[in-house]
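Take a look at the structure below.
This is a predicted model, so every value here is computed, not measured. Chain naming here is simple, since letters A, B, ... match the order of the sequence lines and numbering starts at 1 in each.
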Amino acid sequence: MTFGKGCHLHLIDGSAFIFRAFHALPPLTRKSDGLPIGAVSGFCNMLQKYVEEATGPDAPTHVAVIFDKGSHTFRNDMYDLYKANREEMPEALRPQMPLTRRATEAFNIACKELEGYEADDIIATLAVQAREAGGRVTIISSDKDLMQLVGGGVEMLDAMKNRRIDRDGVLEKFGVYPERVVDVQALAGDSVDNVPGAPGIGIKTAALLINEFGDLETLLERAEEIRQPKRRQTLIEMRDQIELSKKLVQLDENTPLDFTLDDLEVREPDPDVLLPFLAEMEFRTLTRRIAEKLGVDAPVIVEVPAAMPGDEGNAAPEAVPFDTAAYECVREVAALEGWVAAIRERGVVAVDTETTGLDEMVVDLVGISLSTGAGRACYIPLIHKEAGRGDDLFGSDDLAEGQIGLDQALALLKPVLEDPAILKVGQNMKYDAKIFARYGVNVAPIDDTMLLSYAMHAGLHGHGMDTLSERYLGHQPIPIKPLLGSGKSAITFDRVPIDEATAYAAEDADITWRLWEMFKPQLHREQVTTVYETLERPLVPVLAEMEMAGIKVDRDVLSRMSNAFAQKMAGLEAEIHELAGETFNVGSPKQLGEILFDKMSLEGGKRGKTGAYATGADVLEDLAAEGHDLPARVLDWRQLSKLKSTYTDALQDHINKETGRVHTSYIISGAATGRLASTDPNLQNIPVRSEEGRRIREAFVAEEGKVLLSLDYSQIELRILAHIADLPGMKAAFAEGQDIHAATASEMFNVPLDQMTPEIRRQAKAINFGVIYGISGFGLARNLRIPRAEAQGFIDRYFERFPGIRTYMDQTKAFAKEHGFVKTLFGRRIHTPEINAKGPRASFAYRAAINAPIQGTAADVIRRAMVRMPEAIAGLPAKMLLQVHDELIFEVEKDATEEVIGRARAVMEGAADPAVHLDVKLTVDAGQGANWAEAH
DNA sequence: GACATCACG
DNA sequence: GACGTACGTGATGTCC
């Protein structure tokens, strides 16, 4: 096809892809030989994503990836400092450059470069040719130098933000249309490329001048007319430098090319070329995904353990392919006895349970799967029902034939599952342990692949089985959805036909085994063995006990509150409709925004990214403060609505029918920092800050004759900050038992403690928290509702008075940049893969990196306390029920209260010892009462 | 399923 | 000089 009208040329800026891929990803290496491969991996993923999305009416007819070639270009002949401040290419990236060319060719996309020219010049030349031929062009890049080409059918596409940039987009960026972009750049210069420009003039000023005078040449001719003396002088004196800058930024549209547009026609990738390349790179997931897309079999990539010093000579084990047909369905006692013997032989087994649902406190055990080696797995169906899908949707309630009796199977397995000499491996073992516990089997000792991954990879990705299998085994597990169906017609696992259940369930055990085999030896290499052994694994039985204990919740209290809330809400709703002059859904932010800012024309309507007005509490509070009644009522209504739906209503549904208690579930690997997360229900966010909300805690009660006990760390994060950042002033204040926020205020604002006002203390408190969060002037200003400059002043003074903070922040950032993770005092690693990204993502990562060691160390401390707690209170009539980040809740017989407080407090205050000696002592406050509101 | 909102530490 | 910001979570309701 000859390129012309109706054609659409895509030009991809290859170097931009590479650098983006390199900086966005952790330093991956090819397993077999350690070759750095991260950028190639990211590059291929981006190409694949691009190919997948480049369909439809907008699809390109022609496409090329353009690369830079050689470091010396004609621009260096003009100006020897051009790009002189460019940093050396990172050592890990250099060997990957040729591989990205090969990757492009493997995808069967034209790959073009030209010695002595930058990619931008080739792109310019092709874009102009295509435009003159009457075609459309999309330049896939976010390089602002290319913006001068936009217009007349040429657009840019920022692939990361998925945003098209047309002439108006360029105007937005540069303040001028594309044809004047070089003029603006010539004046503003570019520090990245070391284009000098005119000193003191940035894009804003440059655009102003160009728009006033028309173009650069006129501006320079008539420079005497510029009103501002400084600018006038600069432009007159720097004329040569500005003209040189223009030549440097002006793209060459006449690059001598040895190919034509017609050579760039889109071609289908050839599986026989692409897949072998991906396999050679050892990209497991991508190889499989693309093979699937192309409808061919993925080549097998042999699994090789990562090379280690001293490993030479270790033969790589042959990778065993996944094969569901090889799994055994255990239906006879003799067969099960065979498995038990095999497990005893091996000393370790991967275990997984299948159940009728997700609530471990309610569901029934349906079957058990076991694995004793890669590819060697079985499923033991126990209470599967006669298959009856089809005519009879619900099947029969009769047990299917050929299953070992539940009791008999458990009796055979129990000695193995409880044998201290046999290791049981699971994925999220807390779930299975709780199921087994309800059947009288106490599984121990254990390993958990989810927690192994968490100890090594926190911050990099999730730790669910699907994620881990795809990422580390290159294998997508059988999805559960087709087996169970969805919606109304969904069935429980006991109604899944046994042969299908066997493939699914045994595969889970197989995957768990393989992950364990891979992860376990990696722990020590990542130096997180102690983290795993002391902070992750021992928590499993402790949390299982707490969750099974549950906390008693008084349904009547909640029910009465729900009714009261409903009444108040109805009243408020009527008032709101009255004020609005129409009825609308108060719970719809969209409708509320339209009422407030369109109908009532109130000031301050700001639209978010979806185009809807923002109606968050901060916005409504501002409006209410101006005297508007409607937003004030909505705020009240929202508070009640939240309390009712999330707490007083929903909590009732979580009361277990058998125990009369609420049993939350903690996610050990949920938060990257080491904190726990609580779900179904979340008992870590029960209201406390508002008086009305706090009353919900009255529904959490102790059994008759017992009390609830709450012990919480006082200011644990600030104490850890004082230790880590070595802040002598703050340490002293803690040592003397002072009010830490007042002490901070005194230090910062030179106010004696006895003259402290609540207002000054409030500001100091906000700054203290800000520091923990990786402070920014903007954030503090918003929090305190003060001008940004003032907030910045506070921060500057804080840094002055507590110089250790600066050092801590700088060192933490440098560490994160170098290693890709930060550490807590106890060695927990939290990865920060985006720390080397560009733009706001890096700012996010930076603040998270500052916060993680502090929040994470506090999380480690309370984990250590929890692990030691059962032994400390053994023999006492007390149970640990809940954890809320810095607080532990116990239920205790009244007589034993003081004894439990004493022992639990000692454990908590001494939790850091002996692993870490803190310069600041930890103190614990205790409270008790008939309910949680009283105890807190 | 994404988004906005809001509850907690 | 611009980016667009406080850190970490989970549950709910609306809307597409």
Side-chain angles (χ1 to χ4, degrees), chain A residues 144 161 173 188-192 197 200-206 459 585-593 608-620 634-635 638-647 649-651 654 664-667 670-690 693-694 696-697 712-713 715-717 766-767 769-784 788 791 795 830 837-856 858-859 862 883-887 936:
Chain A
K144 55 188 174 354
K161 295 179 184 154
K173 182 91 187 165
D190 184 349
S191 58
V192 179
I201 293 185
I203 287 183
K204 288 267 164 65
T205 314
N585 185 345
V586 183
S588 163
K590 185 166 169 275
Q591 293 180 32
L592 175 65
K609 53 186 162 187
T610 53
Y613 288 112
T615 68
D618 49 344
V619 177
L620 298 188
V634 173
L635 281 169
R638 280 212 184 137
Q639 194 199 356
L640 295 174
S641 164
K642 178 80 177 180
L643 294 178
K644 183 171 187 293
S645 68
T646 308
Y647 300 104
D649 286 350
L651 226 36
H654 282 285
T664 184
S665 184
Y666 290 100
I667 309 171
T673 53
R675 274 196 179 177
L676 301 178
S678 159
T679 61
D680 305 304
N682 181 354
L683 295 185
Q684 290 182 322
N685 70 347
I686 302 301
V688 70
R689 291 176 189 170
S690 79
R694 180 158 52 227
I696 290 172
R697 296 189 170 215
D712 70 290
Y713 284 107
Q715 305 292 359
I716 186 167
E717 291 192 355
I767 303 169
F769 279 109
V771 169
I772 291 173
Y773 297 152
I775 199 156
S776 75
F778 181 94
L780 184 65
R782 199 171 64 170
N783 190 285
L784 284 176
R788 202 172 150 172
I795 294 170
I830 298 121
K838 286 272 172 282
R841 296 153 76 91
S843 314
F844 263 121
Y846 167 67
R847 290 193 299 270
I850 298 297
N851 174 258
I854 303 167
Q855 187 183 115
I862 197 164
Q883 188 249 43
V884 192
H885 308 308
D886 62 357
E887 174 187 15
H936 186 76

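Contact annotation: A/R689 side-chain N/O to B/dC8 OP1/OP2 distance is under 4.0 Å. Between A/R847 and the phosphate of C/dC7, there is a side-chain N or O to OP1/OP2 separation shorter than 4.0 Å. The shortest distance between the side-chain N/O atoms of A/R638 and the OP1/OP2 oxygens of B/dC6 is below 4.0 Å. Look at A/R675 and you won't find any side-chain N or O under 4.0 angstrom from OP1 or OP2 of C/dC7. A/T615 has a side-chain polar atom (N or O) that falls below the 4.0 Å cut-off from OP1 or OP2 of B/dT5.
In terms of modelled atom types and a separation under 3.5 Å, the side chain of A/T664 and the main chain of A/T679 share a donor-acceptor contact. The main-chain N or O of A/L683 is found under 3.5 Å from a side-chain atom of A/S678 such that the two form a donor-acceptor pair. The backbone N or O of A/A852 sits nowhere less than 3.5 Å from a side-chain atom of A/T673 that would complete a donor-acceptor pair. In this structure a side-chain-to-backbone donor-acceptor pair under 3.5 Å is present from A/Q684 to A/Q883.
For the pair A/H885 NE2 and B/dG9 C1', the computed distance is 5 Å after rounding to whole Å. Rounded to whole angstrom, the span from the CG atom of A/D712 across to the P atom of B/dC8 amounts to 15 Å. In this entry the distance linking CG of A/D618 with C1' of B/dA7 reads 16 Å, nearest Å. In this structure, the CD1 atom of A/I850 is 14 Å from the C1' atom of C/dT5, given to the nearest Å. As a whole-Å value, the separation of A/Y713 OH from B/dG9 P is 17 Å. Between the CD1 atom of A/I686 and the P atom of C/dG10 there is a distance of 14 Å, rounded to whole Å. Atom OH of A/Y647 and atom C1' of B/dT5 are 12 Å apart (whole Å). In this structure, A/Q684 places its CD atom 10 Å from P of B/dG9, rounding to the nearest Å.
In the set C/dA6, C/dG8, B/dA7, the nucleotide with an atom closest to the side chain of A/N851 is C/dG8. Distance from the side chain of A/A677 is smallest to C/dG10 among C/dC3, C/dA2, C/dG10. Distance from the side chain of A/V688 is smallest for B/dG9 among the nucleotides B/dG9, C/dC7, C/dA6. Set against B/dC8, C/dT5, C/dA2, the side chain of A/K204 has C/dA2 as its closest nucleotide. For A/N783, the side-chain atoms get nearest to C/dA6 when compared with the rest of B/dC8, B/dG9, C/dA6.
Here the separation of B/dA4 from C/dA6, taken at their P atoms, is 13 Å to the nearest Å. C/dT5 and B/dT5: their P atoms are spaced 14 Å apart (whole Å).
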Query raised in the report: How would nucleotides 11-16 of chain C be written as a contact map, 5' to 3', with B for base contact, S for sugar-phosphate-only contact and - for no contact, using protein heavy atoms under 4.0 Å?
Result: BSSSSS
Report summary line: With both pairing distances under 3.5 angstrom for Watson-Crick or G-U wobble, and | for a partner in another strand, the correct string for DNA chain C is ......|||||||||.
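With respect to A/D618 and A/R782, no salt bridge is recorded, no charged nitrogen being found less than 4.0 Å from a carboxylate O.
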Report task. Tell me, with the steps shown, if A/Q855 and A/H885 meet side-chain contact (heavy atoms from CB on, under 4.5 Å). Result -> CA-CA 9 Å; A/Q855 187 183 115; A/H885 308 308; over 6 Å; no
